[in-house]
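When reading the values below, keep in mind they use all heavy atoms of this one structure, side chains included, and skip hydrogens, waters and symmetry mates. Chain A is the first sequence line, chain B the second, and so forth, proteins listed ahead of strands; every chain is numbered from 1.
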Protein chains: 2
Amino acid sequence: MSPDLAAIGQRLKRFRAERGLSLDRVAGLCGVSKAMLGQIERGESTPTVATLWKIASGLQAPLSRFLVGESGVVHRPTSPPRHRDASGMIVTPLFAFDPVLGFEMFAIELPQGCLSESSPHAPGVIEHVVMLEGEMELFVEGAWQTLVAGEVLRFAADQPHGYRNRGPAPAKVHDLIHYPFSA
Amino acid sequence: MSPDLAAIGQRLKRFRAERGLSLDRVAGLCGVSKAMLGQIERGESTPTVATLWKIASGLQAPLSRFLVGESGVVHRPTSPPRHRDASGMIVTPLFAFDPVLGFEMFAIELPQGCLSESSPHAPGVIEHVVMLEGEMELFVEGAWQTLVAGEVLRFAADQPHGYRNRGPAPAKVHDLIHYPFSA
DNA sequence: CCGCAATGTGCGTTATAACGCACACTCAAT
DNA sequence: ATTGAGTGTGCGTTATAACGCACATTGCGG
């Protein structure tokens with residue numbers, strides 16, 4: 001979950017290298033001292049948003065260019081915690097929450113007979129469920145809906161909702177939780 | 001173009017007010033002193049990316065919530081829905097692109113021997129691959145990486161990348177494509 | 001009216017982001 | 001060799017981000 005702040009320097013360095021710019025040149029373009037730019041690239045300093053903004057706008061690049069986390073690294077979520085809650089639901093994080101992207105993603109397995117009630121999330125939160133294996137019922141907006149493998153469902157999660165599996169086999173789903181820009 | 005930095009504080013203040021949180025409470029949630037939070041809200045200080053990250057992460061909110069307004073969320077990058085392309089890759093849309101959410105999601109199946117090269121997307125686009133069945137190799141940042149079922153990979157898609165399946169069985173993956181805000 | 005707990009702000013201190021400048025260190029061309 | 005322009009890094013100083021604590025204010029129950 002830790003944002004790997006050194007990576008923003010690496011991305012800046014790479015960005016600069018790709019278009020053959022010197023630190024001096026970049027300093028002139030964006031109004032940040034070349035010593036500072038050097039320190040940022042080496043991870044010896046984490047910039048303020050003000051200076052990062054000067055850098056991004058001076059280089060005419062989106063901010064996300066330097067902020068995005070864990071690019072190009074294969075992640076193996078099996079070793080990190082497969083968490084099991086009281087209802088027996090097994091939750092495995094696939095992509096941890098990233099403030100830049102605004103969502104997180106889990107793999108969820110519901111054993112037979114499992115029932116999991118979920119209290120409302122923050123306003124505007126939207127869940128996306130992708131059914132992978134088995135069969136599941138989802139309580140949303142006052143009604144139970146049945147999903148089978150291959151089906152998907154998007155729903156507002158800022159209200160009471162729940163999952164249950166009354167089928168004969170364990171159910172596997174992916175759950176993507178999106179946290180909104182505006183409430 | 002350059003949104004005033006004072007707006008960061010205003011958005012934070014509004015965010016906090018909307019869910020009735022005190023400075024003290026937020027300080028406990030995200031590990032930033034309440035004095036600092038107060039100064040940021042009043043525009044007396046512009047945070048470093050490290051602290052802004054702590055704030056956003058602690059509040060389970062995307063960074064863009066504090067960095068940009070809700071403006072400029074226009075993106076229509078999807079090609080017309082096709083099911084099977086030249087390489088034999090079978091693409092099934094799961095969630096269509098939504099400007100509010102900023103992403104779309106596909107289920108992709110690669111038959112044995114399938115090779116699909118992808119030209120760079122727009123700057124800042126990020127792909128998230130979740131391996132479901134079989135085995136796949138992904139070309140990213142100049143190298144091929146192997147993924148097996150259960151593994152995930154996040155990478156910057158604004159550069160050349162590609163998929164291939166040299167395994168004995170068809171490969172199934174989910175692909176989530178995230179389109180960033182443009183600065 | 002009186003605690004009293006909670007909230008936000010002011011203040012002194014520390015940590016560090018950011019600057020300007022000078023110091024190696026390359027390569028080219030003299 | 002020897003300049004010289006262009007590169008990145010180290011250093012001392014200044015500006016300010018960030019902290020911890022104490023203070024003033026509000027709101028509420030006794």
Side-chain angles (χ1 to χ4, degrees), chain A residues 1-61 63-69 99-100 122 183, chain B residues 2-68 183:
Chain A
M1 184 174 301
S2 120
D4 190 11
L5 294 167
I8 112 171
Q10 297 172 7
R11 294 190 196 99
L12 173 58
K13 184 166 193 170
R14 183 189 183 124
F15 183 95
R16 189 170 62 83
E18 279 173 356
R19 37 212 91 192
L21 296 170
S22 69
L23 284 180
D24 231 343
R25 184 112 180 74
V26 174
L29 281 174
C30 59
V32 176
S33 73
K34 97 176 149 173
M36 192 71 251
L37 293 170
Q39 287 187 23
I40 293 174
E41 286 194 353
R42 287 173 258 141
E44 297 173 4
S45 172
T46 63
T48 63
V49 294
T51 58
L52 184 64
W53 199 288
K54 285 199 278 186
I55 293 171
S57 86
L59 296 176
Q60 296 181 349
L63 276 176
S64 55
R65 178 101 202 177
F66 308 107
L67 290 175
V68 190
V100 174
Chain B
S2 68
D4 58 325
L5 297 164
I8 294 178
Q10 296 173 7
R11 296 193 192 98
L12 173 57
K13 184 165 192 170
R14 182 166 165 225
F15 181 96
R16 190 170 61 83
E18 278 171 355
R19 39 212 87 195
L21 295 171
S22 69
L23 285 179
D24 230 343
R25 183 112 180 73
V26 174
L29 282 173
C30 59
V32 176
S33 72
K34 87 175 158 175
M36 192 70 253
L37 292 170
Q39 288 186 22
I40 293 173
E41 286 194 355
R42 285 172 260 141
E44 296 174 4
S45 172
T46 63
T48 64
V49 295
T51 59
L52 185 63
W53 201 295
K54 285 199 279 185
I55 294 171
S57 184
L59 295 176
Q60 291 273 287
L63 274 181
S64 53
R65 152 87 68 157
F66 309 108
L67 288 177
V68 301

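Of the candidates C:dC19, C:dA17, D:dA17, C:dC19 carries the atom nearest the A:Lys54 side chain, counting heavy atoms from C-beta on. Comparing D:dA18, C:dC19, C:dA17 against the side chain of A:Ser45 picks out C:dA17 as the nearest.
Residue B:Thr48 places none of its side-chain N or O atoms closer than 4.0 Å to OP1 or OP2 of D:dA17. Checking the phosphate oxygens (OP1, OP2) of C:dT16, no side-chain nitrogen or oxygen of A:Thr46 falls inside 4.0 Å.
Side-chain contact check for A:Arg25 versus A:Ser22: some heavy-atom pair is nearer than 4.5 Å. Looking at heavy atoms from C-beta onward, A:Leu12 lies in side-chain contact with A:Ile55 at the 4.5 angstrom threshold. Side-chain atoms of A:Thr48 and B:Leu52, non-hydrogen and from C-beta on, never get closer than 4.5 Å to each other. Between A:Phe66 and A:Leu59 the shortest side-chain heavy-atom distance falls below 4.5 Å.
Atom CE in B:Met36 sits about 6 Å away from atom P in D:dA17, given to the nearest Å. The nearest whole Å value for the distance from the CG atom in A:Leu52 to the C1' atom in C:dA17 is 13 Å. In this structure, B:Leu12 places its CG atom 11 Å from P of C:dG8, rounding to the nearest Å. What separates CG of B:Leu37 from P of D:dA18 is a distance of 10 Å, to the nearest Å.
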Sequence neighbours left out, cut at 3.5 Å: what donor-acceptor pairs do the side chains of residues 28-43 of chain B make with other protein atoms?
from, atom 1, to, atom 2, distance (Å)
B:Ser33, OG, B:Met36, N, 3.2
B:Glu41, OE1, B:Arg16, NH2, 3.1
B:Glu41, OE2, B:Arg16, NE, 2.6
B:Glu41, OE2, B:Arg16, NH2, 3.4
B:Arg42, NE, B:Gly38, O, 3.3
B:Arg42, NH1, B:Glu44, OE1, 3.0
B:Arg42, NH1, B:Glu44, OE2, 3.1

List the protein contact pattern of nucleotides 7-15 of chain D with one symbol per nucleotide (5' to 3'): B for base contact, S for sugar-phosphate-only contact, - for none; contact means a heavy-atom distance under 4.0 Å. SBBB-----
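Judged as a ring-ring contact (aromatic ring centres under 6.0 Å, His included), not a single pair has a partner in residues 20-45 of chain B (not counting sequence neighbours).
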